[in-house]
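Reading through the structure tokens given below for one structure.
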Amino acid sequence: MDYESGIKQKGEDVVKKKIFGLFIFVVLALFIAACSSESSGDADGKTDDAGKDNSEGGSDSKGEVEIFSWWTGAGEEDGLLALIELFEEKNPDIAIDNAAVSGGAGTNAKAVLATRMQGNDPPSTFQVHGGEELNKSWVAADKMEPLNDFYEENEWMDKFPEELIDLVSSDGNIYSIPVNIHRGNVFFYNIQVFEDNGIEVPTTMDEFFAAADKLQEAGTIPVALGDKESWTATQIFENVLLGKLGPDDYKKLFAGEIGFDDPRVAEAAEQFGKILDYVNEDHASRNWQDSAQLVANGEAAMLNMGDWAKGYFANDLDLETNVDFGYFAFPDTDGEFQVITDTFGLPKGVDNPDDVKEFLKVLASVEGQDAFNPLKGSIPARIDADPEKYDQYGKDTMEDFKNSRLVPSLAHGSAASEGFLTKANQAVNIFVTQRDVDNFIQALVSAAPEM
Ligand code: BGC
């Protein structure tokens, strides 16, 4: 071998060794990555693709439960994290993937969920409102497992109010488990601002408008609104509707037995428009948390919001119930309760239904509900939870739930299908800027067949 070819040979040997070394390194790296992705708990809110691939071998348990919700940061996720912690204590070998998509009332999460469900890629379990959002979307599409036996085995049939079981049932089958009850027809108010302006808690719309005038004259924003996502305005409208129609006719409206061309709906729209005269000018650029901050810092006096706002005030903004903020039923709806319930079920086709059921058991337990709800601002769905775990707001709301006429919320998925709700939100959004009652009513009438 001559010098040149000797050098070449040596060089080739070195290159071969390097390639072999690199090959071993890559194999090792892949092996380590595969091992760590199998064991990762991944509670960072992102979907774990590697975890998903691992699960496709068809085994009973992949040791991971993906919880899909819209409870992220700012007043939403504390309850969920407490529930996850409790679950992990009880099930150290099952990892949780907290796959939350931000956006109040599920504005973004519901779209992501729809894509996944249509692509047969369901999360292990997902947040869904009891009522039409569950029944007309996922049950009707045959995407959910019935849970009747699961309820029986765990003796839950008499542990949840009948009305809630009805909301999560269709044709005699039960399809999800309620973790909470939120109330939608509540006004929260800044106690100092009320005192400074000599305002009494209003119970009727007339008293409400008198108080709003007084506040406005004093240079305070009477009503905080953040309708960057239009459901917050829809929620005000549904409460005005409830006040105008009363619980029976409100329910008939969404059952299609009373038309949206009923004159009382137009009156409700007028009244809704009048409330909008008292809101902050920058309402369209705020979300619900931003609008709650206006009440917290005294720039605004009142906020109509579901009682997740109580969780936000108490846990995130460190305000004290009945010291810093008070609450009252939306005027003209005292004795009525706009029900919003977050529920979780078992989608068809998940790889590890037994692990998912373990999570559902924790969520359904007294311990789970009492860990979740005091932080979330809601009351427990179970009737045998411990009232002592709740502050005065929670205790009052538990009493109100027992003694009120219950009605399903439109803005939060219970009263009508997602198709109708999307159109109603659009109509509300247009109404907020145009204030054209006839157009608004017309839009609702045309959307009604989709209810
Ligand atoms: C849900 C609540 C949530 C709220 C704001 C509602 O639709 O039921 O759990 O806190 O939206 O995002």
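Whatever order the structure lists them in is the order used to number ligands and atoms, beginning at 1. Just so we're clear, the structure is a prediction, and the values are computed from it rather than from any experiment. Heavy-atom basis, side chains included; hydrogens, waters and symmetry copies ignored.
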Margin query: By the ring-ring contact (aromatic ring centres under 6.0 Å, His included) test, which pairs, at least two apart or in different chains, include something from residues 425-451?
Written below: Phe237-Phe440, Phe272-Phe431, Phe431-Phe440
Next item on the list: Enumerate the protein residues lying less than 4.0 Å from ligand 1, judged by heavy-atom distances, in chain and residue-number order.
Entry: Trp70, Trp71, Glu76, Gly104, Ala105, Gln127, His129, His182, Trp288, Trp308, Ile340, Asp342, Lys376, His412
Next item on the list: Taking the side chain as every heavy atom from C-beta outward, state whether Glu418 and Glu133 have any atom pair closer than 4.5 Å.
Entry: yes
Item checked: Pairs flagged by salt bridge (Lys or Arg N to Asp or Glu O under 4.0 Å) wherever residues 429-439 is involved - sequence neighbours left out -> Asp277-Arg435
Item checked: Tyr189: partners by ring pair (Phe, Tyr, Trp, His ring centres under 6.0 Å), with sequence neighbours left out -> Phe194, Phe328
Checklist line | Least distance between heavy atoms, Leu134 atom then Ser176 atom | finding: CD2-OG, 3.4 Å
Check: With ring centroids as reference points, do Tyr393 and Phe188 lie under 6.0 angstrom apart?
Finding: yes
